[in-house]
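Read the structure below first, then the notes.
These numbers come from the heavy atoms of this one structure, side chains and all, not from hydrogens, waters or symmetry mates. Reminder, nothing fancy here: chain letters follow the sequence lines and each chain counts from 1.
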Number of protein chains: 2
Amino acid sequence: MTVIFSKKCEYGLQAVLYMAAKESGCVCPSEEIARKLKIPKEFVSKILQNLTDSGIVDSKKGKSGGFMLAKDPSKIRLIDIVAAIDGLDIFNSCVLGFPSCSPDKPCPVHHNWGELRSKAYEMLASETLDKFKEKTINKIGKI
Amino acid sequence: MTVIFSKKCEYGLQAVLYMAAKESGCVCPSEEIARKLKIPKEFVSKILQNLTDSGIVDSKKGKSGGFMLAKDPSKIRLIDIVAAIDGLDIFNSCVLGFPSCSPDKPCPVHHNWGELRSKAYEMLASETLDKFKEKTINKIGKI
DNA sequence: TCAAAAACAGATTAAATTGTCTGATTAAAA
DNA sequence: TTTTAATCAGACAATTTAATCTGTTTTTGA
């Protein structure tokens, strides 16, 4: 069994959506995020540290510290998180695992798949975090 | 970095496409498949044994033995191989990893993603192996 | 000033996936 | 009949991913 994104990426996406659903600028300790999303605290903490290095998230150390988005939610796209964690190879590499699959040496499903992949990319690249606020609250309940 | 299908599944798909590109009924030893596809022999052998158990592939033991498709290529779809190896969870589980993501408790990208997923499923379920013969030969060269 | 609570760094463990090896069995061909 | 080449079964090893642990630093608030 496989999945589109790694656990790291899934948790990163969830955490960022969570932060975007709160009032802007407010600080979320990793403990709170982990508890609300029911994911391991130390793991999500690591992931958010990575996203801090990538400039998507900011952090504040010490008591009453935590993580917050580094920019306005309207400036952050889901694809930015995917790019920072899993990378964008999935949107370029062959779905059947053939090496050097390209337009002039395409695998049997190259064109069909390419189209789907573009749509997937577009979906993740066109909408920004602010668009998901309501839906996130609806999904994970009170914040 | 992630990928849609596991290595097992990728290799299984490649191997089956390879067999379908040969004259029907002809026997392919795993050594030949591994060499042509540049993938590990023992691994592809294991995978084809699995597909034998699933009834997609047949095998012949002993000298000049090997693997062959169990049915006519026009009766085998790519999704059948995926189902036998990775399973179909990927077409049902939440892309963001939220537990219990469903139409009445959807994740933020539930609907958009669901549509893409259906298209992907359909692509893998609508075309049968015989349709890929030319394209496979074109991709992996002389068979 | 001091205790508490947080990020941060890095090591370690656990689990899953990927790949290899050994030997047994089978069947064709020499 | 014997050698050879294949599947097959099961254990094993290596790698990658996921998760945990330990300790340090930082900052706030009592």
Exercise. Base, sugar-phosphate alone, or nothing: which one does S45(A) contact when heavy atoms must sit under 4.0 Å apart?
Worked result: nothing
Exercise. Tell me: CD1 of I39(A) to C1' of dA19(D), nearest whole Å?
Worked result: 12 Å
Problem set entry | Whether R35(B) side chain and K41(B) backbone form a donor-acceptor pair below 3.5 Å | no
For this session: Map K61(A) and K7(A) onto DNA chain D by nearest heavy atom, then report which one ends up closer to the 5' terminus.
Result: K7(A)
For this session: Identify which nucleotide among dT20(C), dG29(D), dT7(D) has an atom closest to any side-chain atom of Q49(B), counting heavy atoms from C-beta outward.
Result: dT7(D)
Problem set entry | Distance-only polar pair, side chains of S6(B) and D86(B), donor-acceptor under 3.5 Å | yes
For this session: Please state how far atom CD1 in I47(B) lies from atom C1' in dG19(C), giving the value in whole angstrom units.
Result: 10 Å
Exercise. Going by modelled atom types, is there a donor-acceptor pair between the base of dG19(C) and the side chain of K8(B) at under 3.5 Å?
Worked result: no
Problem set entry | Residue K46(B), side-chain heavy atoms: nucleotide from dT20(D), dT7(D), dT20(C) that is nearest | dT20(C)
Exercise. Would E122(B) and S118(B) count as having a side-chain donor-acceptor pair, cut-off 3.5 Å?
Worked result: no
Seminar exercise, completed: Paired with M19(A), the side-chain contact (heavy atoms from CB on, under 4.5 Å) test is passed by just one of V27(A), T136(A), V57(A), namely V57(A)
Problem set entry | 5′-ward residue of the pair S59(A)/S64(A) relative to DNA chain C | S64(A)
For this session: Send over the distance from D58(A) CG to dT27(D) C1', rounded to a whole Å.
Result: 16 Å
Exercise. Over how many whole Å does the gap from I33(A) atom CD1 to dA5(C) atom P extend?
Worked result: 18 Å
Seminar exercise, completed: note: L51(A), atom CG; dC8(C), atom P; distance rounded to Å ~ 11 Å
Exercise. To the side chain of E42(B), which of dT20(C), dC8(D), dG19(C) is closest?
Worked result: dT20(C)
For this session: Name the closest nucleotide to the P40(A) side chain, picking from dT20(D), dC8(C), dA6(D).
Result: dT20(D)
Exercise. Is any N or O donor-acceptor pair between the side chain of K41(B) and the base of dG19(C) shorter than 3.5 Å?
Worked result: no
For this session: Could you work out which one of dA29(C), dG19(C), dA19(D) sits closest to the side chain of F43(B)?
Result: dG19(C)
Problem set entry | dA7(C) phosphate, OP1 or OP2, under 4.0 Å from S30(A) side-chain N/O | yes
Problem set entry | Closest listed nucleotide, where the reference is the side chain of K63(A) and the choices are dT18(C), dA5(D), dA5(C) | dA5(C)
Exercise. Is the number of heavy atoms from other residues, nucleotides or ligands within 6.0 Å of NZ (K8(B)) greater than 12?
Worked result: no
For this session: Report yes if a side-chain nitrogen or oxygen of Y11(B) is closer than 4.0 Å to either non-bridging phosphate oxygen (OP1 or OP2) of dT18(C); otherwise report no.
Result: no
Exercise. Atom CD of E31(A) to atom P of dA5(C): distance rounded to whole Å?
Worked result: 11 Å
For this session: Specify the separation, in whole Å, of atom CE of M68(A) and atom P of dA6(C).
Result: 13 Å
For this session: Mind checking G62(B) for me? I need base, sugar-phosphate or nothing, with any heavy atom below 4.0 Å counting as a touch.
Result: base
Exercise. Which one of D80(B), I79(B), I81(B) satisfies the side-chain contact (heavy atoms from CB on, under 4.5 Å) criterion with L124(B)?
Worked result: I79(B)
For this session: Using atom NZ of K60(A) as one end and atom C1' of dA4(C) as the other, report the distance to the nearest whole Å.
Result: 14 Å
